Amino acid sequence: MAIDCALLDLARSGEGAVLRVYRWEPFCLSFGRHEPALRRYGRDNVMARGIDVVRRPTGGRAVWHARELTYSVAQPAADISLRESYRAIHGMFADAVRRLGAPALLAADPPRVAGVGAGACFAQPVGGEVVVAGRKVVGSAQLRENGALLQHGSMLLSDDQALVRELGGDGLRAGGEITLRMALGRPITFEEAALAVCEAARKWEPELSAVLDSTGILQVAERHAEKFKSDDWTWSR
């Protein structure tokens, strides 16, 4: 999370768009910036299970990061609306999912959008999110600050979000998600998914280039790291 905030800092300074893809070790439960995690999941409940947790700088609802691909996009945003940027980034990820063989589409706008206290991120798709057979395969949330944006998202490879439902007391409720393994009938590796995302990103942003030296980014990230290590931040709500 600290690295992603460093990328947002660079975007605020006028740097171009940056795409980052990564995975979590150990697996981790992340909360949205404004999500009432204390009420919905309970600190003692989560800690007793030995589950690593973090609160994202971006909004949205809880995500279980296990066998999935997490992405972040940071870019200047003065000339693009939240809706436009959200749909453009999701268009890129729909392209990536189709490259892997699944018939991905962007979801239509629902009649009502669930609030941040309504359970897992993948409980239901919202307008513009990536779906396969009507079920969410990529979930995302965005933060906008001082003319720049940071968008986080998760592409489900093999693990669903049953743990989030269980922790929230909805263990018997069917999930609204679909994994790529479910959609394709075969496992998709992180490396395979990352390659598809990078190929789609080059089409979306032809000038995208690799970050060959991350030293400066990591130095900026150090200024954010303590916040995301803090229980006061993680369990602030």
Side-chain angles (χ1 to χ4, degrees), residues 1 4 21-72 93 97 100 102 107 113-126 129-141 151-194 197 228-231 233-237:
M1 297 299 95
D4 291 335
V21 295
Y22 55 99
R23 51 188 163 180
W24 300 68
E25 181 58 44
F27 297 159
C28 184
L29 176 68
S30 75
F31 304 134
R33 184 185 186 101
H34 303 294
E35 186 175 16
L38 276 171
R39 172 173 59 80
R40 175 132 190 104
Y41 304 107
R43 179 174 178 173
D44 291 344
N45 181 32
V46 173
M47 294 296 100
R49 299 280 293 271
I51 297 170
D52 272 45
V53 291
V54 70
R55 185 176 291 273
R56 303 186 303 271
T58 49
R61 296 178 280 162
V63 176
W64 173 235
H65 301 277
R67 287 175 295 177
E68 50 87 70
L69 176 148
T70 298
Y71 79 85
S72 63
F93 275 86
V97 172
L100 292 167
V113 177
V116 294
C121 168
F122 284 86
Q124 69 180 73
V126 300
E129 288 194 307
V130 184
V131 298
V132 173
R135 300 170 69 185
K136 190 189 299 192
V137 68
V138 179
S140 305
Q151 182 161 314
H152 273 141
S154 174
M155 176 189 289
L156 299 183
L157 304 183
S158 295
D159 283 323
D160 62 20
Q161 298 294 294
L163 177 66
V164 183
R165 293 191 293 276
E166 180 186 341
L167 289 170
D170 297 326
L172 298 179
R173 181 183 299 178
E177 74 273 15
I178 187 170
T179 69
L180 284 173
R181 182 168 189 157
M182 293 164 60
L184 298 172
R186 66 179 180 88
I188 297 292
T189 66
F190 175 85
E191 290 78 12
E192 188 178 358
V197 170
F228 295 106
K229 294 176 183 177
S230 168
D231 283 351
W233 166 256
T234 302
W235 295 104
S236 59
R237 298 171 182 266

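We count residues from 1, following the sequence as given. Remember, it's a predicted structure, so these values are computed and weren't measured experimentally.
With 3.5 Å as the limit, one finds no donor-acceptor pair spanning the side chains of Tyr22 and Ser72. In summary, the side chains of Glu68 and Thr70 do present a donor paired with an acceptor at a separation below 3.5 Å, with no hydrogens or angles considered.
A side-chain donor-acceptor contact under 3.5 Å links Ser236 to the backbone of Trp233. Listed for the Gln161 side chain is no donor-acceptor partner under 3.5 Å among the backbone atoms of Glu177.
Side chains of Leu163 and Ile51 form a contact here, defined as non-hydrogen atoms less than 4.5 Å apart. Looking at Val197 and Tyr71, their side chains never come closer than 4.5 Å, going by heavy atoms from C-beta outward. Residues Leu156 and Ile178 form no side-chain contact, since every pair of their non-hydrogen atoms from C-beta on lies 4.5 Å or further apart. Using a 4.5 Å heavy-atom threshold, the side chains of Trp64 and Ser154 count as separate. Under the 4.5 Å side-chain criterion, counting only non-hydrogen atoms from C-beta, Val63 is in contact with Arg56. Trp235 has its side chain within reach of Met47: a pair of non-hydrogen atoms, C-beta onward, lies under 4.5 Å apart. Between Glu166 and Tyr41 there is no side-chain heavy-atom pair separated by less than 4.5 Å. Counting only heavy atoms from C-beta outward, the side chains of Arg237 and Arg55 approach each other to under 4.5 Å.
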field: salt bridge (Lys or Arg N to Asp or Glu O under 4.0 Å) evaluation trace for Arg165 with Asp170
entry: CA-CA 5 Å; Arg165 293 191 293 276; Asp170 297 326; over 6 Å; no
message: Show, in sequence, the C-alpha distance, side-chain angles and deciding distance for Leu38 and Arg43, and conclude whether the side-chain contact (heavy atoms from CB on, under 4.5 Å) test is met.
response: CA-CA 6 Å; Leu38 276 171; Arg43 179 174 178 173; 4.0 Å; yes
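Scored by the side-chain contact (heavy atoms from CB on, under 4.5 Å) test, Ala193 finds Leu69, Leu100, Met155, Leu157, Ile188 as partners (sequence neighbours excluded).
Atom CG of Leu167 and atom CZ of Arg40 lie 10.0 Å apart (nearest 0.5 Å). To the nearest 0.5 angstrom, Thr189 atom OG1 is 5.0 Å from Glu191 atom CD. Between atom CZ of residue Arg61 and atom OG of residue Ser30 there is a gap of 12.5 Å, rounded to the nearest 0.5 Å. Annotation: the span from Gln151 atom CD to Ser140 atom OG amounts to 4.5 Å, rounded to 0.5 Å.
Taking both residues in full, the closest heavy atoms of Ala141 and Gly59 are given as CB-O, 3.1 Å, listed atom of the first, atom of the second, then distance. Here the closest non-hydrogen pair linking Arg181 and Ser158 is CD-OG, 4.0 Å. Nearest heavy-atom pair, Val132 versus Ala183, reported as atom, atom and distance to 0.1 Å: CG1-CB, 4.1 Å. Across every non-hydrogen atom of Phe93 and Val130, the tightest pair is CB-CG2, 4.2 Å. Taking each heavy atom of Ala62 and Val164 in turn, the nearest pair found is CB-CG1, 3.8 Å.
A parallel orientation is assigned to the rings of His65 and Trp24, their planes being inclined by less than 30° (bins at 30° and 60°).
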